[in-house]
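Just so it is clear: chains get the letters A, B, ... in the order the sequence lines come, proteins before strands, and each one is counted from 1. Hydrogens, waters and symmetry mates are skipped; everything else that's a heavy atom, side chains included, is used.
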2 protein chains.
Amino acid sequence: MLDTPPIDIVRTQSLTSLVQREVERLILTGELAPGERINEQHLAARLRVSRGPVREALRGLEKARLVEAKVNRGVYVRELSVEQALEISEMRGLLTGYACARLAASSTAEQRARLAQLIETMAAAIAAGDAPAYYEHNLAFHDALMDYAGNARAKEMYDALVKESHLSRRKSLFSARAMAESNAEHRVILDAIRKGDAAAAREAGERHIVGGRRRFLDAIGMAEMRPG
Amino acid sequence: MLDTPPIDIVRTQSLTSLVQREVERLILTGELAPGERINEQHLAARLRVSRGPVREALRGLEKARLVEAKVNRGVYVRELSVEQALEISEMRGLLTGYACARLAASSTAEQRARLAQLIETMAAAIAAGDAPAYYEHNLAFHDALMDYAGNARAKEMYDALVKESHLSRRKSLFSARAMAESNAEHRVILDAIRKGDAAAAREAGERHIVGGRRRFLDAIGMAEMRPG
DNA sequence: AAAACTCAAACTGTCGACAGTTTACATCAT
DNA sequence: ATGATGTAAACTGTCGACAGTTTGAGTTTT
């Protein structure tokens with residue numbers, strides 16, 4: 001396994017939670033690849049911990065859908081089929097649409113200003129051809145949307161879906177054109193929110209994810225799976 | 001703790017999964033009440049199992065939001081605030097609306113027939129004043145909706161939300177009037193699906209859950225918290 | 001009588017070990 | 001060479017034990 005620094009004992013939180021966070025990090029960054037087996041003993045030795053906390057952490061990650069456990073056969077980083085990835089994206093779209101509708105119904109001036117600011121930052125990233133920066137601020141924009149919507153449960157579900165979507169082997173490397181398209185949709189969303197048009201905001205939020213899915217499929221050359 | 005039969009060792013599945021299922025059952029049936037502490041040692045002794053599998057099972061239930069773990073202080077059956085219960089119901093409504101829209105866009109004759117059949121069964125239960133039967137078939141109706149929608153992820157999220165909603169201490173004991181209202185909404189949903197009107201189906205599905213929430217609030221005498 | 005303190009019992013977090021299963025390799029047969 | 005077979009190593013599932021923390025009863029102090 002990989003060279004991560006061992007975890008030190010902290011009395012205010014359990015080793016399990018630390019292991020869980022660390023393994024989650026390894027998965028989300030791709031250091032542990034989808035389909036890869038996670039060896040309990042090696043992982044425990046790596047983190048200078050016994051197998052107990054490791055097993056508990058893996059059980060948690062299993063429920064979070066980041067790993068799959070096969071009885072007597074070990075735990076594997078979950079692999080996402082294209083179909084599963086699309087389902088996840090559809091659910092993200094649903095939640096995003098919901099959040100947009102809620103914001104259209106009630107949002108503060110500061111919230112709208114913050115969203116506008118993020119859109120401008122993304123525009124700057126596109127102009128600079130800085131895809132990683134775009135990616136980062138895009139995440140922040142969607143986080144803000146879900147945050148401001150005021151439904152904690154919705155945000156948690158959304159966050160879980162985003163984590164899960166990282167299991168997709170295909171890294172979403174956007175072209176400049178795709179980024180521009182995406183950010184234009186962000187503007188449509190914000191406009192609808194500003195107008196207080198909940199139905200339009202919802203539609204724009206859902207469309208945005210559908211558009212993201214299309215851009216994703218185009219990027220991996222599976223345009224034929226476009227939603228019909 | 002309670003008098004459940006001990007779990008026997010089966011080699012094809014782990015004790016952890018059996019313990020998890022059993023504790024989940026205890027929680028969903030209310031034998032373990034929200035707020036109640038779950039003693040690892042007692043539970044392990046009850047089920048004739050060591051603490052390892054019990055701890056792993058509880059870790060899974062924590063991620064499923066059925067229990068909460070406090071470091072060094074044990075695991076408690078989760079308590080739901082009214083606000084949290086409403087958030088859950090809102091998410092159920094969102095998913096239900098989604099499923100209805102999908103079904104309006106594409107469903108088979110058998111599926112529509114099955115839904116119609118469930119509605120008639122519920123009508124019979126109402127006529128007979130059989131609230132438990134209504135409750136059961138209502139669950140089946142909503143299960144079928146999510147099943148037929150064809151998005152496995154959506155169904156899993158929905159199922160998780162339903163389980164979580166059982167944490168609400170207020171048991172939803174419906175009056176005959178509430179049941180009749182609820183079933184009338186079922187008919188509206190099915191009509192929209194039959195007409196292939198996705199927007200109407202979605203609206204009907206969401207309204208149905210909102211209506212359920214109103215009936216719920218009426219029942220517990222908190223009408224003032226009606227969504228505004 | 002109420003609050004602060006003391007100490008033992010109870011409990012959680014963690015560990016190392018054992019049993020049973022799976023996996024991988026070496027050997028043998030074809 | 002290829003496939004089947006047997007065996008040892010590796011790994012998972014489970015258990016019992018120990019250490020540190022929390023809880024609660026009993027005692028002392030104000």
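- A straight line from CG of B/L15 to C1' of C/dG20 spans 13 Å, rounded to a whole angstrom.
- The nearest whole Å value for the distance from the CD atom in A/Q41 to the P atom in D/dC11 is 5 Å.
- Distance, B/K70 NZ to D/dT21 C1': 16 Å, rounded to whole Å.
- Within the 4.0 angstrom heavy-atom criterion, only backbone atoms of the sugar-phosphate kind lie near B/E40; the bases stay farther away.
- The CG-C1' distance, from A/N39 to C/dT22, rounds to 13 Å in whole Å.
- In terms of modelled atom types and a separation under 3.5 Å, the side chain of A/Q111 and the main chain of A/T108 share a donor-acceptor contact.
- A donor atom on one side chain and an acceptor atom on the other are found under 3.5 Å apart for B/S182 and B/Y134.
- If you measure from atom CG of A/L43 to atom P of D/dC11, you get 13 Å, rounded to the nearest angstrom.
- A donor and an acceptor atom, one from each side chain of B/R21 and B/Q13, are located under 3.5 Å apart.
- Evaluation of the side chain to side chain contact (heavy atoms under 4.5 Å, CB included) rule for B/E206 yields A/R202, B/L94, B/R202 as partners, not counting sequence neighbours.
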Name the pairs: protein N/O against N/O of nucleotides 22-24 of chain D, kept only if under 3.5 Å.
none

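- Atom CD of A/Q13 is separated from atom C1' of D/dT21 by 16 Å (rounded to the nearest Å).
- Remark: the A/H142 side chain and the A/H208 side chain contain an N/O donor-acceptor pair separated by less than 3.5 Å.
- Counting all heavy atoms, side chain and backbone alike, B/K163 lies closest to B/L28 at O-CD2, 3.5 Å.
- If you check the side chains of A/Y158 and A/D143, you find no donor sitting under 3.5 Å from an acceptor.
- Regarding contacts with the backbone of C/dC11, a side-chain N or O of B/H42 is found under 4.0 angstrom from either OP1 or OP2.
- The backbone N or O of A/A149 lies less than 3.5 Å from a partner atom in the side chain of A/R102, making a donor-acceptor pair.
- With hydrogens and angles left out, the side-chain atoms of A/T29 and A/E31 include a donor and acceptor closer than 3.5 Å.
- Candidate nucleotides C/dT14, D/dC11, D/dT14 were compared by shortest atom distance to the side chain of B/T16, and D/dT14 ranks first.
- Of the residues in residues 50-65 of chain A, those lying under 4.0 Å from DNA chain C by heavy-atom distance are A/S50, A/R51, A/P53.
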